[in-house]
> 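This is the structure I want to talk about, given as structure tokens.
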Amino acid sequence: MHEGIMASADFIRELLTMVNTLKTIYYKVGSADVPPRININATANIPWNIGNYTKTRSVLDEPIRQITWDNRTAVFITDFELVKGSQELQIVQNGKTFKTSIDISTQGRK
């Protein structure tokens, strides 16, 4: 995930510049059922901070519900990986072992 964010860093900076107002609310998704509000300008929360990419799964349903409940304009930025359930896989990629809920195997793919 971090590599993709870094490849898009210029676009993300431009996007944050456009949407960042006093009324903008940011949430941090991760393994918590209820995402906490965050200050996007804090060093720990900026998207290109590698420390933001340590969770093995992200709960998405609640954050989506929170940003869409009152029909205000909302933007949800994701890596397009939707995982349902709590299955945790152990995978080996490039000699490193990872725990993830995302099945990246080639089984069943053409």
> Whether the side chain of Asn45 engages the backbone of Ile38 through a donor-acceptor N/O pair (distance < 3.5 Å, no angle test) should be reported.
no

> By salt bridge (charged side-chain N to carboxylate O under 4.0 Å, His left out), which residues pair with Arg65, not counting sequence neighbours?
Glu62

> Pairs of donor and acceptor atoms involving the side chains of residues 11-19, under 3.5 Å and at least two apart or interchain, shall be tabulated with distances.
unit_1 : atom_1 : unit_2 : atom_2 : d
Thr17  : OG1    : Arg13  : O      : 2.8

> Could you tell me if the side chain of Ile40 sits less than 4.5 Å from the side chain of Ile46, heavy atoms only?
no

> Over all heavy atoms of both residues, which pair between Ala44 and Lys28 is shortest? Give the atoms and the distance, please.
O-NZ, 4.3 Å

